Trainee: 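Pasting a structure here, questions to come.
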Amino acid sequence: MESQNEKLIIYQLFPRIFTNTCPSPRRDGSLEENGSGKMNHYTPALLKEIKSLGVNCIWFTGVIEHATKTRFEGIPSQNPNVVKGEAGSPYAICDYYDIDPAIAENIPERMKEFEELVERVHAQEMKMIIDFVPNHTARQYKSDAAPEGTKDFGDDDDTTLFFGRDNNYYYIPNQQFCPSIPLHAEGTEEYVEFPAKATGNDCFNAFCGEYDWYETVKLNYGLDYGDRSEHFDPVPDTWMKMLDILLFWCGKGVDGFRCDMVFMVPLPFWHWAIPQVKSAFPHVIFIGEIYDIGLYRPFLDYGCFDYLYDKVNLYDTLVAIERFNHSAARLTQCWQTVDGIGDKMLNFLENHDEVRFASREFANNPMRIVPHLVVSAFISKGPVMIYYGQELGEQAHDNEGFAGDNNRSTIFDYWSYDTMRRWYGDGKKFGAKLTRQEKWLRGFYTKVLGMCNSEEAIREGAFFDLMYVNLNHPDFNPHEQFAFLRYTDNQVLLIVANFGREERNIKIEIPDLAFDMASIPTGEGNYRELLHDATCTFEVKKGKKVSLTVGGSDAAVLMLKEPKGKNKAPNVKKAPMKGKKGAKD
């Protein structure tokens, strides 16, 4: 496992697709037609390849059993009319105590396969996290794997009530579920739900639409949405059931949970549950998916989360810089917004909910990733996450079925991607069929993610924003460039990101305050540039600007102070930074 001060580098992957080698998947194809990746595919060799990116934690997305149109012998089936896609949504859980049978080679032994996967991940000294989906279940929930004596959600509910403190669901009494989607289009049995349950996205009526989370039902944590009254004491039944589920998976050896839509669950539940889990399993981490900046501090402080998504702050700003002509200078506001908690923010450029960076809807070019990745990875000590295929420039231009051609990688369909198939190969010789551009990209990701922990200033150093002294200089364009320092007592790094499309000669002022706080040594010398393995010669002193050339959609990381034991820059006059030239096919 990583040391206590190691920066968390998370690799999110979707087991159903990651190792699936079906050469020509069919749109809306079944499991038999399109196939599925398996847990047993994660051999020590494959896990080593993932780790080689600089990864120290893998998020296996969608391993818990969820509603699907696929029928498996001996497992309760789901009505296909309330399932999204052939494979189904991994966030419509139908058994919190079981494993998705599609990702098992030996279905009756699927839990054993999962336990062995956990052991293999740990053998590579990486953490393993899985999803915890607390806000909603599949419309049909039935566990056949829960510990003896465990009651299913809804078993003891009084369905004549909209709200009951110990009801697990919310009901619309005397009203049948009547969404705008057809409930008899697939299969031979119409889906009937009477009385209707509230739908997962807080739709408290029986008439949800096709864009609602119609495949899920909202769980009741003791908050009466009729009058907003709270009923948390004594502890509601749903709280107890969810705590048992968390402890069950901790007992299987998982190291943490990416918790889905945490703000849709009352904050007092997290305050109650997370400390109890940590008292039994102190190492377990909780990562919250959240979309309200105003809730960041309450969910960290009172809610006891270790980390939170920084989607609506840093991620959305990087999107706006790339797509909507926003200025790079707005990144200053991002760190100011989370000042004091920035190291608890999980930064990312892709995940299963967002469009791919290289897609038509974002950058439309994977080679523009450099400044975005450098900023999101180096701006703080907080975790960094990448999504499988991101490191190869996957563009998500397939129309897989239910997901459609939406610039995202499907989570609802059985599928495989040409990019991943060529990287995975036969599961033994990885990357042999990649293009030059894809190889360059993976190498760049390896360098950046590796630096997150190999360079102490990034791993555990302080941050100093240089924008306030460079906003009005003619040789620095704050619309396109962002500059900052990361430093410890032993190391100082100057980091410059150029979001513009053209190469620029940039002159950067370092204020006296930064010299004093970071103990920056002065003098003329050869300075290593870490991203491109180059050497630059210039003078560093108070009152004199640092001058360097940075390519379009590129970045530079200059070592202004070398830690003890690091190789010094060679005694050469100058070596140009080569950047991405020649990387494309």
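Note that the structure is a prediction, hence the values are computed from the model and not measured. Positions are given from 1, in the same order as the sequence printed here.
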Trainee: Does the ring centre of Y170 sit less than 6.0 Å away from the ring centre of F162?
Mentor: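 Distance test on ring centres: under 6.0 Å, yes.
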Trainee: Answer yes or no for K344 and Y307: cation-pi contact, defined as NZ/CZ to six-membered ring centre under 6.0 Å and angle to ring axis within 45°.
Mentor: yes
Trainee: For this output row, return yes or no: ring centroids of Y96 and F248 closer than 6.0 angstrom.
Mentor: no
Trainee: Quick one: list whatever passes side-chain hydrogen bond (donor to acceptor under 3.5 Å, both in side chains) with K142, sequence neighbours left out.
Mentor: none
Trainee: Ring centres under 6.0 Å, that's the criterion: do F348 and Y315 meet it?
Mentor: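 Ring centroids of F348 and Y315 are less than 6.0 Å from each other.
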Trainee: When you compare the side chain of L318 with that of L331, does any pair of heavy atoms fall below 4.5 Å?
Mentor: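 Yes. Closest side-chain heavy atoms under 4.5 Å.
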Trainee: With distance as the sole test, does R258 use its side chain to make a donor-acceptor pair with the main-chain N or O of I287 at under 3.5 Å?
Mentor: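 No: the side chain of R258 does not pair with the backbone of I287.
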Trainee: Any side-chain donor-acceptor pair under 3.5 Å between E394 and Y387?
Mentor: no
Trainee: For residues 273-285, which residue pairs qualify under side chain to side chain donor-acceptor pair (under 3.5 Å), counting only residues two or more places apart or in two chains?
Mentor: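 Sorted pair list: K278-D306.
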Trainee: Do the ring planes of F412 and F402 sit parallel (below 30°), tilted (30 to 60°) or perpendicular (above 60°)?
Mentor: perpendicular
Trainee: Fit a plane to each ring of H352 and W59, take the angle between them on a 0 to 90° scale, and name the class: parallel (under 30°), tilted (30 to 60°) or perpendicular (over 60°).
Mentor: perpendicular
Trainee: With sequence neighbours excluded, tell me which residues meet salt bridge (charged side-chain N to carboxylate O under 4.0 Å, His left out) with D95.
Mentor: none
Trainee: Please say whether more than 12 non-hydrogen atoms of neighbouring residues, nucleotides or ligands are located less than 6.0 Å from CZ in R120.
Mentor: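 Atom CZ in R120 is crowded, with more than 12 foreign heavy atoms closer than 6.0 Å.
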Trainee: Only one of F257, F114, F281, F132 forms a ring-ring contact (aromatic ring centres under 6.0 Å, His included) with W249, so which one is it?
Mentor: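 Of the listed options, the one satisfying the test is F114.
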Trainee: Under 6.0 Å between ring centres, would you say that holds for F463 and W335?
Mentor: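 When the ring centroids of F463 and W335 are compared, they turn out to be within the sub-6.0 Å range.
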Trainee: Taking the ring centre of each residue, are H479 and F499 less than 6.0 Å apart?
Mentor: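 So the answer is no for these two rings.
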Trainee: Classify the ring geometry between Y309 and Y291 as parallel (under 30°), tilted (30 to 60°) or perpendicular (over 60°).
Mentor: perpendicular
Trainee: Does the Lys NZ or Arg CZ of K84 fall within the cation-pi geometry relative to Y214 - under 6.0 Å from the ring centre and within 45° of the axis?
Mentor: yes
